[in-house]
Amino acid sequence: MTTGGPSEKPALCEFITVPNELLAKVGPGGGPPDAQALWRAEQAIERLARDYGPRCSKDIATLSDAFEAVPDEAMVVRERLRTIHDIAHELRGEAGIYGYTLIGQIAALLCRYLGALDDTAKADIRVVGAHVDALQLVDAEGLEGIGGAGEKQLIDGLTRLQQKVLDR
Amino acid sequence: MAYNLRQVHVLVVDDNQHICMAARQILEAFGITRVDFASDGLTAYGMFQRNPPDIVITDMDMIGGDGLELVRLIRQAGDSPKPTVPIIMMSGHTEREKVLAARDIGVTEFLCKPFSVGMVYDRLIATIARPRSFVRMSSYFGPDRRRSLRDFQGGERRIRGAL
């Protein structure tokens, strides 16, 4: 590691050049991506995706149960929706990886809505419910999110609903 | 010719075992034979201290020591054995303030969830092929946060000799 060395004035900022140990380890390369490696990885993800479907349905059912357990009030403090947020957060990450794009998009929208609120702010339970219903519908219908008009309409509708409520 | 990743040692940190499994499958398909796992930041730091990997891939939000705290320990703790290790932070939190928080604590690359095979490959190769200088300031230690050189008209405050 080389550093800037001593200076008469106190250093405001020091650059450090770090030896590239990784490059030494992987040898010469840097050409186009290893197509075989990428293909193997895609195949591996496809295999995992086959197991993801049932788990995704289970997560959506758990999320729905959590929603049913929320107090029957029009506005609910965000903290009481933490379980719903956490499940949606995991759905957002996993569903997209395994090709369940529409579920990932709806989960991401739900996270965005809850994330836009302060800890003490209240969430409009109708907005949360609309996302839960959408997730259940997509799961029941087996929609994958490949860009159909109905799917776009669903995402646009949820986005508009959120905006309308947040702009109030 | 592509890089031979066989000898690369990666530590993956995520509290979702399924994400860990996906990461493992992808990394092994790339030829990486040594992939370790931890489900929280504190456990990960212990593993990092005992056997520093070549690359750390960590989630941002975890119960029991989150990813940002792990990055802070790796970069700043006095007992960190390899403070300049490349760190790829993966997160579904892609809001600007979250990404900036990751950058400002010393993350090397940011990987958005949901990730794809190509995205993981790109971030890995970036850490190898385009390593970044490190910067030490009173308030920051980590990779140079500037990705490109721009025309700067002000005075030079950096230590030229260090370049």
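Below, chains carry the letters A, B, ... as their sequence lines are ordered, and counting in each starts from 1.
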> Considering the options V12(B), V8(B), L5(B), which one meets the side-chain contact (heavy atoms from CB on, under 4.5 Å) requirement together with L27(B)?
Replying inline: V12(B)
> Quick one: what part of I45(A) sits under 4.5 Å from any heavy atom of chain B, side chain, backbone, both or neither?
Replying inline: side chain
> Side chain, backbone, both or neither: which part of D34(A) has an atom under 4.5 Å from a heavy atom of chain B?
Replying inline: both
> Do D54(B) and R34(B) sit within salt-bridge range, that is, some charged N less than 4.0 Å from a carboxylate O?
Replying inline: no
> Pick from G31(B), G92(B), P86(B), S133(B): which one has the most heavy-atom pairs with chain A under 4.5 Å?
Replying inline: G92(B)
> Residues of residues 48-61 of chain A under 4.5 Å from chain B (heavy atom pairs)?
Replying inline: L48(A), R55(A)
>> Out of the candidates D59(B), I57(B), T58(B), only one should pair with D14(B) under the side-chain contact (heavy atoms from CB on, under 4.5 Å) rule; please name it.
In response: D59(B)
>> Heavy atom to heavy atom, less than 4.5 Å: which residues from residues 115-126 of chain B reach chain A?
In response: F115(B), V117(B), Y121(B)
>> If we ignore hydrogens and angles and just use 3.5 Å, is the side chain of R72(B) paired with the main-chain N or O of G106(B) as donor and acceptor?
In response: no
> Just by distance, do the side chain of Y140(B) and the backbone of P143(B) share a donor-acceptor pair under 3.5 Å?
Replying inline: yes
>> Taking every non-hydrogen pair under 4.5 Å, which of C112(B), A129(B), A2(B), S91(B) racks up the most with chain A?
In response: A2(B)
>> We want to know whether S80(B) and Q49(B) form a side-chain donor-acceptor pair, criterion being a heavy-atom distance below 3.5 angstrom.
In response: no
> Highest number of heavy-atom pairs under 4.5 Å with chain B: which of Q36(A), Q43(A), E94(A)?
Replying inline: E94(A)
> Does one side chain, of Y45(B) or D40(B), offer a donor that lies under 3.5 Å from an acceptor on the other?
Replying inline: no
> Does Q162(A) use its side chain to pair, donor to acceptor, with the backbone of L109(A) at less than 3.5 Å?
Replying inline: yes
> With no hydrogens and no angle check, do the side chains of H18(B) and E90(A) hold a donor and an acceptor under 3.5 Å apart?
Replying inline: no
>> Looking at M21(B), I'd like to know if its CE atom is crowded, meaning that more than 12 non-hydrogen atoms belonging to other residues, nucleotides or ligands lie closer than 6.0 Å.
In response: no
>> Side chains of H89(A) and R92(A): any donor to acceptor distance under 3.5 Å?
In response: yes
> Between CD of E21(A) and NZ of K82(B), what distance do you get to the nearest 0.5 Å?
Replying inline: 5.5 Å
> Picking from Q7(B), K113(B), R6(B), which has the most non-hydrogen pairs under 4.5 angstrom with chain A?
Replying inline: Q7(B)
